[in-house]
Amino acid sequence: MPSVLKKLLALLDTRDRTAASVVMASLVLVALFEVAGIASIMPFMAVVMNPEIIHTNRFLEWTFQELGFQSDQIYLIALGLLVLGLLIFGNVVKAASMWITLRFHNGLYYKLARHLLARYMSLPYTFFLNRNTAELSKNILGEVQTVIGGVLDPMTKAISSLLVCTAILTLLIVVDPSVALAIALVLGGCYVSVYKLVRRKLQSIGRQQVEANAQKFKWASESLSGIKDLKVLGREHTFLQRFSLHASRHAHNNITAGLISSLPRFVLESVAFGGILLVVIYLVAQGKGISQMVPLLTLYAFAGYRLMPSLQELFIAFAKLRFSAAGLDIVHHDLMLGSQQPGDLAQHLPPVNRAPLPFKERLELREVSFSYEGTLEPTLRHLNLRVMPNTSIGLVGPTGCGKSTTVDLILGLISPSGGEFLVDGTQITAANIRQWRQNVGYVPQTIYISDDTIARNIAFGVPDEEIDIAKVREAARLAKLAEFVENELPDHYDTAIGERGVRLSGGQRQRIGIARALYRDPSILIMDEATSALDGVTEEHIMDAVRSLSGKKTIILIAHRLTTVRDCDVIYLLEHGSIASQGTFDELMRDSSWFRVSAGG
Ligand SMILES: Nc1ncnc2c1ncn2[C@@H]1O[C@H](COP(=O)(O)OP(=O)(O)OP(=O)(O)O)[C@@H](O)[C@H]1O
């Protein structure tokens, strides 16, 4: 349990800790009012049973005289109203404390989820090559919820219940130490024994729950994103079964945890009821009269009425903490990824606008090697490549030879494990990569389309008020998309195109990708198989547009169809991760047999 507290505290910054202290202070107040409410019942009942006390008790007599009461009856009514007032005010304090707690918990939920998303986004691209994105979404949405609902909330409740229990028990000890001790031992002993019995089980199903939850998210997400293939192959049932397996395990674990949490209540209710009977027998045996017994019994009954739920809440809180600790482990671990501090994320996400890194002389990959994590053979080996500004180069080669990996390196998504990536002699590192990328427009093999309008998809990620519609149109014109958008779509650039662009054809999606890359008028345009989904005529149109940029922009083209790279100034032929040959189209036709065969000549 101390490690849970340590991890939770590590997630809080100074402001959160101050807020937590305010919550704690409010909980102490609640406990004090709780006990004051209970404590005031006994004297009140004693006075009701025997109004003579008003004059025999020095304090009561003093208040009677000082406040000028006319009769015992009026005094009794006033005393009753005072007790009622105390109870009502206690409940007002409780409501205020609940409000403070809710604000703290929900504020922290928002903050942790935001921090976790920011943390993931600040991590290098290679991190995402090894992690399932459905699992990451689950951590941001589900596990952060577990930290709040399963750790912070029960912890607050445990502290509050502990305070209330201690306050009530102190009161009972003041009134009658032996009975109070017996109550504490019986009730406390029952809960502690049950907790000891079930805590391992709770911890183990808690761990299973994290895994079941991750699998649930994964299969739900994969069933829906792969729906087209599933339908065609008729495999919906298999995916549904995979989802159901984990979803039902998740439900079962929840049932077990819920049952374990409420089990002691039933036992304890009988024990407590029996306890009251025992107290009566004990008092009768001591020869106490009814007028002495009623106030004391009222106190015990009321104390029990308050103590039992608090004890039960304390138990549930501990059970929940055990069950949810694994979720906290995940959030704590992932928030610390790549850093020691969870609170410094704003610095990790690079600033949006920085001047582009100058590219005036040459881009150079020098003796570059690269290996993916978990692979035996390096993907790139001693690769040397030079690109001069405003020239066009083509990257060709057999499938799997490392073309996309080379482009990822130029984009700074991965870093070379050997050799150097230089621009005008400056090494590209994490410190200047954002500035370098300001120069680059990139069209990948598969275009990510967001469930949004055409304009927002072209000016991707630009805040609405900053979208330059003239630039959107120009980019669409260059990507041969303008005619379709302006003549065929009902709302033109404001037409929504559905999740992942389901309302578009493959070629249209590809053209959105090209327009997106051109929107900010980059000085370097990198196209990775960007036209392979297009028909020959459209490809020719787009390549015409690309050719019209030659001499004005640096162009790097990856293409399977060698005619696409025909007009490039230099074509690099990659084989097994290094440059096997380079030259113009005609030179490679002359020198490379692979090139000749691929070109069909
Ligand atoms: N994330 C990854 N983890 C491990 N290996 C990878 C990863 N991505 C690519 N590879 C491997 O690296 C090699 C080069 O891949 P790359 O995508 O760069 O080739 P390519 O020349 O672009 O291929 P294609 O023409 O088929 O697109 C391949 O053998 C591939 O299996």
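Only this structure's heavy atoms are used, side chains among them; waters, hydrogens and symmetry mates stay out. We count ligands from 1, going down the list as the structure has it; atoms in each ligand are counted the same way. Residues take their numbers from the sequence shown, with the count starting at 1.
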Per-atom contacts, ligand 1 versus Gly402 - under 4.0 Å to a heavy atom:
14 (C), 18 (O), 19 (O), 20 (P), 21 (O)
Which of Thr554, Ile558, Leu395, Val407 passes side chain to side chain contact (heavy atoms under 4.5 Å, CB included) with Ile526? Answer is Val407
Within a distance under 4.0 Å of any heavy atom of His560, pick out the atoms of ligand 1 and give their elements.
25 (O)
Hey, which atoms in ligand 1 end up nearer than 4.0 Å to a heavy atom of Thr379?
12 (O), 13 (C), 14 (C)
Is atom 16 (P) of ligand 1 touching the protein, meaning some protein heavy atom lies under 4.0 Å away?
yes
Of the side chain and backbone of Glu529, name the one, both, or neither that has a heavy atom under 4.0 Å from an atom of ligand 1.
neither
Protein contact of atom 2 (C) of ligand 1 - nearest heavy atom, named by residue and atom, plus distance
Tyr372 CD2, 3.4 Å
Arg547 and Glu540 ion-paired at < 4.0 Å:
yes
With a 4.5 Å limit on heavy-atom distance, are the side chains of Ile393 and Leu385 in contact?
yes
Does a side-chain N-to-carboxylate-O contact under 4.0 Å join Glu486 and Arg473?
yes
Rounded to the nearest 0.5 angstrom, the CD1-CD distance for Ile227 and Glu236 is 6.0 Å
Identify whether the distance between the nearest side-chain nitrogen and carboxylate oxygen of Lys218 and Glu135 falls below 4.0 Å.
no
Quick one: closest heavy-atom pair of Ala459 and Tyr519, and the distance?
CB-CZ, 3.6 Å
Nearest to atom 18 (O) of ligand 1 by heavy atom, Thr375, Leu380, Thr405: which?
Thr405
Answer side chain, backbone, both or neither: which part of Gln445 comes under 4.0 Å from ligand 1, heavy atoms only.
side chain
Answer yes or no: is there a side-chain heavy-atom contact under 4.5 Å between Lys480 and Arg511?
yes
Would a search of protein heavy atoms around atom 30 (C) of ligand 1 find one under 4.0 Å away?
no
Could you tell me the residue and atom name of the protein heavy atom closest to atom 28 (C) of ligand 1, and the distance to it rounded to 0.1 Å?
Gly400 O, 3.8 Å
Taking all non-hydrogen atoms of both residues into account, name the closest pair between Asn384 and Glu367 and its distance.
OD1-N, 2.7 Å
So which of Glu575, Lys403, Glu377 gets nearest to atom 25 (O) of ligand 1, if we judge by its closest heavy atom?
Lys403
Tell me: protein heavy atom nearest atom 26 (O) of ligand 1, and distance?
Thr399 OG1, 2.4 Å
Output yes when the distance from some N or O of ligand 1 to some N or O of Glu373 is under 3.5 Å, and no in every other case.
no
Any Cys401 heavy atom less than 4.0 Å to ligand 1
yes
